[in-house]
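Scroll down for the structure; my scribbles are underneath it.
These figures come from a predicted structure and were not determined experimentally. Proteins come first, then strands; the chains are lettered A, B, ... in the order of their sequence lines, and each starts at number 1.
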Amino acid sequence: MSQKPSIPRGTRDFSPREMLRRNYIFDVIRRNFSLFGYLPLETPAMENLSTLLGKYGEEGDRLLFRILNSGNFLADTPSSALSSADSAALSQLICEKGLRYDLTVPFARYVVQHRDEITFPFRRYQIQPVWRADKPQKGRYREFFQCDADVIGSDSLLNEFELVRIIDRIFSELNIRAIIKVNNRKILAGIAEMAGAGERITDITVAIDKLDKIGQEGVRQELVQRGIAPEVIARLEPVISLSGPAASKLDELKRVLSSSDRGRKGVSEMEELFGYLAMEPSQSEVELDLSLARGLNYYTGAIIEVKAADVAIGSICGGGRYDDLTGIFGLPGVSGVGVSFGADRIYDVMLQLDLFPEQTGSATEALVINFGTEEVPELIKIISSLREAGIASELYPDPARLKKQFSYADARKIPMVIIAGSNEIAARQVTVKNMKTGEQTTVSLSALPSYLKEGRNS
RNA sequence: GUGGUUGUAGCUCAGUUGGUUAGAGCGCCAGAUUGUGGAUCUGGAGGUCGCCGGUUCGAACCCGGUCUUCCACCCCA
C-alpha cells in the first residue's frame, strides 16, 4: 500500500497559478535592481558551516539547517560524542555543510573569494531561496525566497539613498502601500553611551525594537528585566519617544548626543540621507524610527525596514549597512550596504489585498481545435504561423469531442479558439471564437495572426 | 526551542450524550446537445474521518503518541 506523499513542514509547492504571480513579483524586483545597475549573482544552496556559523548570533546558529556528512562518517566519530546525547556538539563532528540562512553572508564570502576579479564598488542582486529551521507560522516559512541588492566597497550615503529609491519604486509598482522605516546603529550606540550603558547596546536595542508591539511600558519592563539600571532607562525614554519629522528629531538628537562621537556621526549620516530623500519625493512614507534596531548583529550604520501599511505580517523588506562583514573572511575595511525583499511575504500581502493583475505573466492566447488526423497537417502549419507571430498558442493534442476541447479552453481561460475543420481548410479560412463574448468570426488563414493580435486589446 | 490550536470528499464545511450503510454545497465525470465552453436538468464517481496505538460490545466523536495547520513567546523575510 502506498503512503500519502507529503513535503517537509514549512515548505510549499507552487502551482502554475501561483508561479505566474510569483514571477510577476520577481520580474518587478529584478527589473528595478537592473535599472539601478545591479548585476546578477547566484551562490550554492549549501555553504560550509564555518562560513555560516557565528554570523547571525546564537539564535541564528540554532536555526541553521545542517547537512549530514556523506559516507560512513560515524566510523571516525569518537564514541564518547555519540553517547553524550549532545546534538549541538555532535553536529560539529558529523556536519560540515549547512543550507544558506540568508544571501548577505554568502555574498560577503563571494566578494572575499573573488576580490581580484571584482570591480568596486560592486553592485549585485541575488534572488534565491534561503532556509531557516524556524517554527512555521503564517508568513513564516522554512524555505523562502529573498531578493537582495547590495553594493559593497563604497561608504557613500548615496547608496542608502538609492536603496530607499529602489524600495519605493518596487512597492509603488506592486501597488503595496509601504512604510519605510530608517534608523542608524551609530545613533542607537550613541543613545546607549549617552545613557551611561554603552556596553549594553544589544540588550537596549532588542528591548526598544519592541516599542510598537508592546508599548512604552512594555519596553520599560523589558529593560528592567534585562538588568538595565533605572536611571539609564530614565535617560533613554525621552530620546526614544521623540516625535515629529525626521529633521526635528535629528536636531534634538544632535543636542542630546553631542558628547558621543559615534552618535554625532550617526546623526550627520541620517541628515545626509534625509537630505537626498528630500530631493526626490517618495511615494511611500519614509520615517526616521529611533526604536528600529533589527536583530542581525552585523549592521553598523543605517538600518532599513519596510512594513505593509495594510497587512500585519511583519517586515516585507529589510536591510542596512555592515562595515566589516568581509573582515571575518579576511578582507577588512570594505563597507557594504544592502536590502532584502521577502518575496513570499510580499506575495501574501498582495494576495490578501487582491493586488495581482488579472493576467499575470504568460498564458495561452489561442487554442487550436484538433479535428483528427486528416486535418492535423494543416493545423500544425496554422499553429506554427501563430507562434512565429509571437502568439502563445496550443494545439489540443487529442481529437476529442468539441465539447471537451471547448471546456478545456474555458477552464484554462484561453481567450481565443481557432476552429479549422475540413470545410474551413478547403476555403483557406478558419473560424475564430472569442471565448469571452461567444462571438465567432471567419478569418482567412493569411490574416489570422494579425487578427488575433488586434483582438488582444479588446 | 517553550506553551497552545487545528485536521471529515478535489475545495468550503455539517455530523446529536460514543450506536448499524458518514452527509451538504461547490467542483469533477457522463448524458440531454455526433462542429462549440459558461446557464439549466438528469445520472455517476469520489472518504481506512491526518497517521499509529489504547479504552469500549461498539470510536469521526473519549485517551496517549505522532505529523500537519494556525496562534503567542523567541526570532525574523
Report task. To the nearest Å, give me how far apart CG (Leu103(A)) and P (rA77(B)) are. Result -> 11 Å
Query raised in the report: Is the ring centre of Phe144(A) under 5.5 Å from the base ring centre of rA77(B), and are the two planes under 30° apart, so that they stack?
Result: yes
Query raised in the report: Lys249(A) side chain to Leu288(A) main-chain N or O, any donor-acceptor pair under 3.5 Å?
Result: yes
Report summary line: Contacts of Arg9(A) and Arg140(A) projected onto RNA chain B by closest heavy atom; the upstream (5') one is Arg9(A)
Report task. Sticking with atom C1', work out how far rG31(B) lies from rU20(B), rounded to a whole angstrom. Result -> 35 Å
Query raised in the report: If we take the P atom in both rU21(B) and rC61(B), what is their distance in whole Å?
Result: 15 Å
Query raised in the report: Between rC76(B) atom C1' and Ile313(A) atom CD1, what is the distance in whole Å?
Result: 12 Å
Query raised in the report: If only side-chain N and O atoms of Gln405(A) are considered, is one of them under 4.0 Å from the OP1 or OP2 phosphate oxygen of rG37(B)?
Result: no
Requested in this report: For Gly438(A), answer base if it contacts any base atom (sugar-phosphate contacts may also be present), sugar-phosphate if it contacts only those atoms, and nothing otherwise; contact means non-hydrogen atoms under 4.0 Å.
Outcome: base
Requested in this report: Look at the side-chain N and O atoms of Lys135(A) and state whether any lies under 4.0 Å from the OP1 or OP2 oxygen of rC73(B).
Outcome: no
Query raised in the report: When you check the side-chain N and O atoms of Tyr408(A) and Glu394(A), is any donor under 3.5 Å from an acceptor?
Result: yes
Report summary line: Contacts of Glu59(A) meeting salt bridge (charged side-chain N to carboxylate O under 4.0 Å, His left out) (sequence neighbours excluded), chain-then-number -> Arg62(A)
Query raised in the report: Is the backbone of Arg30(A) close enough, under 3.5 Å, to the side chain of Ser34(A) for a donor and an acceptor to pair up by distance?
Result: no
Report summary line: Here the distance between atom P of rA72(B) and atom CD1 of Ile214(A), to the nearest Å, is 15 Å
Report task. Give each stem of RNA chain B as a range with a range, requiring at least 3 consecutive Watson-Crick or G-U wobble pairs whose two distances are under 3.5 Å. Result -> B:1-4 with B:70-73, B:10-13 with B:23-26, B:28-32 with B:40-44, B:50-54 with B:62-66
Query - Between rG38(B) and rG27(B) - P atom distance, rounded Å - result: 11 Å
**Report entry** Residues which pass side-chain hydrogen bond (donor to acceptor under 3.5 Å, both in side chains) with Gln429(A), listed by chain and number, not counting sequence neighbours
**Finding:** none
Query raised in the report: Which part of the nucleic acid, if any, lies within reach of Gly139(A) when heavy atoms closer than 4.0 Å are counted: base, sugar-phosphate only, or nothing?
Result: base
Query raised in the report: Atom CG of Asp13(A) and atom P of rU68(B): how far apart are they, to the nearest Å?
Result: 15 Å
**Report entry** Spacing of the P atoms in rG15(B) and rU6(B) (rounded, Å)
**Finding:** 15 Å
Requested in this report: May I ask you to say what Gly10(A) touches in the nucleic acid, namely base, sugar-phosphate or nothing, with a heavy-atom cut-off under 4.0 Å?
Outcome: sugar-phosphate
Report summary line: So the salt bridge (charged side-chain N to carboxylate O under 4.0 Å, His left out) pairs with at least one residue in residues 298-319 of chain A (sequence neighbours excluded) are Arg177(A)-Asp310(A), Asp212(A)-Lys307(A), Arg294(A)-Glu305(A)
Query raised in the report: Which residue pairs pass the side-chain hydrogen bond (donor to acceptor under 3.5 Å, both in side chains) test when at least one of the two sits in residues 365-375 of chain A, sequence neighbours left out?
Result: Glu365(A)-Arg456(A)
Query raised in the report: With sugar-phosphate meaning primed atoms plus P, OP1 and OP2, does Cys317(A) contact a base, only sugar-phosphate, or nothing at under 4.0 Å between heavy atoms?
Result: sugar-phosphate
Query raised in the report: If you measure from the P atom in rC26(B) to the same atom in rU69(B), how many Å do you get, rounded?
Result: 31 Å
Query raised in the report: Rounded to the nearest Å, what distance is computed from the OH atom of residue Tyr141(A) to the P atom of nucleotide rU69(B)?
Result: 10 Å
Report task. Please work out which of the three classes, parallel, tilted or perpendicular, describes the rings of Tyr56(A) and Tyr101(A), given edges at 30° and 60°. Result -> tilted
**Report entry** Nearest to side-chain heavy atoms of Arg62(A), which nucleotide of rC75(B), rG1(B), rA77(B)
**Finding:** rG1(B)
Query - Whole-Å gap separating P (rG37(B)) and CG (Asn434(A)) - result: 15 Å
Query raised in the report: If you measure from the C1' atom in rG50(B) to the same atom in rG25(B), how many Å do you get, rounded?
Result: 23 Å
Report summary line: Applying salt bridge (charged side-chain N to carboxylate O under 4.0 Å, His left out) to Asp344(A) and not counting sequence neighbours gives Arg12(A), Arg22(A)
Report summary line: Separation of rC76(B) atom C1' from Leu292(A) atom CG, nearest Å, is 13 Å
Query - rU55(B) and rG18(B), which share atom name C1', separated by this distance in whole Å - result: 12 Å
Report summary line: Scoring nucleotides 31-36 of chain B by protein non-hydrogen atoms under 4.0 Å (B base, S sugar-phosphate only, - none) yields S---BB
Name each donor-acceptor pair under 3.5 Å that joins a side chain in residues 348-355 of chain A to protein atoms two or more places apart or in another chain, with its distance.
residue   : atom : partner   : partner atom : Å
Asp348(A) : OD2  : Tyr141(A) : OH           : 2.6

Query raised in the report: Going by atom types only, do Ser444(A) and Ser446(A) share a side-chain donor-acceptor pair under 3.5 Å?
Result: yes
Report task. Let me know the distance between CZ of Arg226(A) and C1' of rC73(B), rounded to the nearest Å. Result -> 12 Å
Query raised in the report: What is the nucleic acid contact for Gln137(A), judged by heavy atoms within less than 4.0 Å: base, sugar-phosphate only, or nothing?
Result: base
Query raised in the report: Between Lys210(A) and rC74(B), does any side-chain N or O lie under 4.0 Å from OP1 or OP2?
Result: yes
Requested in this report: Sticking with atom C1', work out how far rA24(B) lies from rG46(B), rounded to a whole angstrom.
Outcome: 15 Å
Query - Residues forming a salt bridge (charged side-chain N to carboxylate O under 4.0 Å, His left out) with Arg169(A), sequence neighbours excluded - result: none
Query raised in the report: Which part of the nucleic acid does Val206(A) contact within heavy-atom distance under 4.0 Å: base, sugar-phosphate only, or nothing?
Result: sugar-phosphate
